[in-house]
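What follows is a single structure, and I will ask about it in a moment.
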Amino acid sequence: MRLLLLGGTKFLGRHMVDAALEQGHEVVLFNRGRTNPNLYPQLERVTGDRDGALTALEGGRRFDGVIDTSGYVPRIVRQSAELLAKSCDFYAFISSISVYRDGIPPGFDETAPTQNLEDQASENVEQDYGALKAACERVVEAALPGRSLHVRAGLIVGPHDPTGRFTYWVGRIADGGDVLAPAPADAPVQVIDARDLAAWTVRMVAGGHPGVFNATGPATTLTMEGLLDECKRASGSNARVIWADPGFLLQHEVEPWSELPLWLPGEANAGFLQADISKARAAGLGFRALSQTVKDVLDWIADLRVFPGEAGLPRERELALLDEWRAAS
């Protein structure tokens, strides 16, 4: 298969490239050449910009499949989807679990209602991320009806993650001592290793399997406590987790998801980390052991001079919150 990657050198994209090469496919990269420009020197690289500078993809180029890991704005996604609809057999769009509306129940599947943009002109990705991703899905499907795959990914984790969300917990537990975490300990969480997501997506593209799929993990229920316990085992840490009440955390203006990753309090978010993934599982989505993901992230951050991403609580703030929680309880 001759495969075009829109992006391909940052996080999920580079794992897509690795998976495609491991599966024996020919890979072409299209990007601006700004992120890790020396990565994959052996591959054909087409330089351009998704927003108005796609001419390098014209002129008779033909692809069996396209994987779009970097689409966030419908106007921009429309440019690539409509152009490549004429020159590719199949288009995979990496979407997000965030497309679903607030208040979805635990166990929701792909038929659950998705968000709509209140302001149709919005391109504010930070503010309207989920609604924009949902709109991008509709753009792709309109351009390639019956020839597109929509991967609604959960929190993507693993080496090279620039967000630091999952990595925060791995690194913080490894550092040991008292660790502030959001109660309840048995709250369900879902994550997917970027390498598992990539390998499955490439296989789906190669097989030409269209449709919408919730793609997160693991295969069995994982709780916040289970995740942190796995981090302790992998690192051999002496960390002691202190479970603080959500009301206390909110009162002290701790930001859910960003300062304490994988924490989403409130009824509107009750189902968000409990997606039904049976459809993707039936289509071959599989998972490596969580312990392996944690170990690989530990190895990755051990080689870095600066901790990746901005997620997580600064240590001074965590210590102050721990003191106040102990005093309050």
With heavy-atom distances below 4.5 Å as the criterion, would you say the side chains of Pro74 and Val139 are in contact?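 When only atoms from C-beta onward are counted, Val139 and Pro74 do touch, with a gap below 4.5 Å.
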Can any side-chain N or O of Gln120 pair as donor or acceptor with the backbone N or O of Leu117 at less than 3.5 Å?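 Side chain of Gln120 to backbone of Leu117, a donor-acceptor pair under 3.5 Å: yes, one is there.
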Nearest heavy-atom pair of Val297 and Phe166: which atoms, and what distance? CG2-CE2, 4.1 Å
So, for Cys136 and Val77, which heavy atoms are closest and what is the spacing to 0.1 Å? SG-CG2, 3.6 Å
Taking side chain as C-beta onward, heavy atoms only, is Leu228 less than 4.5 Å from Trp169? yes
If hydrophobic clusters are built from ILVMFWY residues whose side chains come within less than 4.5 Å, do Phe11 and Phe307 share one?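 Different hydrophobic clusters.
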Over all atoms of both residues, closest heavy-atom pair of His150 and Ser148: NE2-OG, 3.1 Å
Short question: side chain of Thr9, backbone of Thr35 - any donor-acceptor pair under 3.5 Å?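 Present.
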For a side chain to side chain contact (heavy atoms under 4.5 Å, CB included) check, start with the C-alpha distance between Trp300 and Thr167, then their side-chain angles and the critical distance, and finish with the verdict. CA-CA 10 Å; Trp300 174 58; Thr167 311; 4.1 Å; yes
Going through the distances and angles, do Asp178 and Arg326 end up as a salt bridge (charged side-chain N to carboxylate O under 4.0 Å, His left out)? CA-CA 11 Å; Asp178 286 353; Arg326 292 188 188 99; 2.5 Å; yes
Taking Asp51 first and then Arg32, would you say they form a salt bridge - that is, a charged N and a carboxylate O separated by under 4.0 Å?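 Between Arg32 and Asp51 there is no salt bridge, as every charged N stays at least 4.0 Å from the carboxylate O atoms.
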Which atom pair, heavy atoms only, marks the closest approach of Leu3 to Val66?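 That closest heavy-atom pairing would be CD1-N, 4.0 Å.
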If I take atom CH2 from residue Trp243 and atom OG from residue Ser329, how far apart are they, to the nearest 0.5 angstrom?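 Reported to 0.5 Å precision, the distance equals 15.0 Å.
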Any side-chain donor-acceptor pair under 3.5 Å between Tyr91 and Ser80? yes
Going through the checks in order, is the side chain to side chain contact (heavy atoms under 4.5 Å, CB included) test met by Val202 and His25? CA-CA 9 Å; Val202 172; His25 303 300; 3.6 Å; yes
Just checking, any donor-acceptor pair under 3.5 angstrom between side chains of Ser278 and Asp276?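 There is such a pair between these side chains.
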Lys/Arg N to Asp/Glu carboxylate O, Lys279 vs Glu110, below 4.0 Å: no
Linking I/L/V/M/F/W/Y whenever their side-chain heavy atoms sit closer than 4.5 Å, directly or via other members, would Ile277 and Ile192 fall into one cluster?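 They do share one cluster, since a chain of ILVMFWY contacts under 4.5 Å joins Ile277 to Ile192.
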Tell me if a side-chain donor or acceptor on His15 pairs with a main-chain N or O of Pro159 at a distance below 3.5 Å.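 Here the side-chain-to-backbone pair exists.
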Residue pair Leu84 / Ser87, side-chain heavy-atom distance below 4.5 Å: yes
Identify all side-chain donor-acceptor contacts of residues 100-107 below 3.5 Å with residues at least two apart in sequence or on another chain.
{"unit_1": "Tyr100", "atom_1": "OH", "unit_2": "Arg152", "atom_2": "NH1", "d": "2.9"}
{"unit_1": "Tyr100", "atom_1": "OH", "unit_2": "Asn214", "atom_2": "OD1", "d": "2.7"}
{"unit_1": "Arg101", "atom_1": "NE", "unit_2": "Thr114", "atom_2": "O", "d": "2.7"}

Is there a side-chain contact between Thr163 and Pro308 in this structure, where contact means two heavy atoms from C-beta onward sitting under 4.5 Å apart? no
Check whether Asp161 reaches the backbone of Val157 with its side chain - one donor and one acceptor, N or O, closer than 3.5 Å. no
Set out, in order, the CA-CA distance, both residues' side-chain angles and the distance that settles side chain to side chain contact (heavy atoms under 4.5 Å, CB included) for Trp257 and Trp263, then state yes or no. CA-CA 5 Å; Trp257 198 255; Trp263 174 48; over 6 Å; no
Shortest non-hydrogen pair, Ser237 vs Ala239, comes out as OG-N, 2.9 Å
What verdict does the salt bridge (charged side-chain N to carboxylate O under 4.0 Å, His left out) test give for Arg233 and Glu230, after you've listed the backbone C-alpha separation in whole Å, the side-chain angles of each residue and the deciding distance to 0.1 Å? CA-CA 5 Å; Arg233 282 191 289 270; Glu230 197 61 66; 3.0 Å; yes
Can you tell me if CD on Glu123 sees more than 12 non-hydrogen neighbours from other groups inside 6.0 Å? yes
Side chain of Tyr40, backbone of Arg14: donor and acceptor closer than 3.5 Å? yes
More than 12 heavy atoms of other residues, nucleotides or ligands under 6.0 Å from CD of Glu126: yes or no? no
Check the pair Leu155 / Leu262 against side chain to side chain contact (heavy atoms under 4.5 Å, CB included), numbers first and verdict last. CA-CA 8 Å; Leu155 181 62; Leu262 286 167; 3.7 Å; yes
Salt bridge (Lys or Arg N to Asp or Glu O under 4.0 Å): pairs with one or both residues in residues 52-74, sequence neighbours excluded: Glu44-Arg61, Arg50-Asp68, Arg62-Asp89
Heavy-atom donor-acceptor pair, Gln274 side chain to Val189 backbone, under 3.5 Å: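 Side chain of Gln274 to backbone of Val189: no pair is present.
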For the backbone of Gly226 and the side chain of Thr223, can you confirm whether one donor and one acceptor N or O come within less than 3.5 Å of each other?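 Between the backbone of Gly226 and the side chain of Thr223 there is a qualifying donor-acceptor contact (under 3.5 Å).
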Would you check if Asn31 and Arg45 make a side-chain contact, meaning some heavy-atom pair closer than 4.5 Å?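 Counting from C-beta outward, Asn31 and Arg45 do come under 4.5 Å.
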Verify same cluster id: Leu4, Phe93 (apolar side-chain graph, 4.5 Å):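 Leu4 clusters together with Phe93.
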Polar side-chain atom of Lys232 near backbone of Gly176 as donor-acceptor pair, under 3.5 Å: no
Determine whether a donor-acceptor pair (N or O, by modelled atom type, separation under 3.5 Å) exists between the side chain of Asn36 and the backbone of Leu39.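 A pair under 3.5 Å: no.
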Which pairs count as salt bridge (Lys or Arg N to Asp or Glu O under 4.0 Å) when at least one residue sits in residues 192-211, sequence neighbours excluded?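 Passing the test, one end in residues 192-211: Asp193-Arg195, Asp193-Arg288, Arg195-Asp296, Asp196-Arg288.
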Nearest heavy-atom contact between Cys88 and Leu144 is SG-CD2, 3.9 Å
Go through the side-chain N and O atoms of Tyr72 and Asp128 and say whether any donor and acceptor fall under 3.5 Å apart. no
Is it true that Glu318 and Arg315 have a side-chain N and a carboxylate O under 4.0 angstrom from each other?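 Yes, charged N to carboxylate O under 4.0 Å.
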Side-chain (Thr69) to main-chain (Leu12) donor-acceptor, under 3.5 angstrom: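 Answer holds: no.
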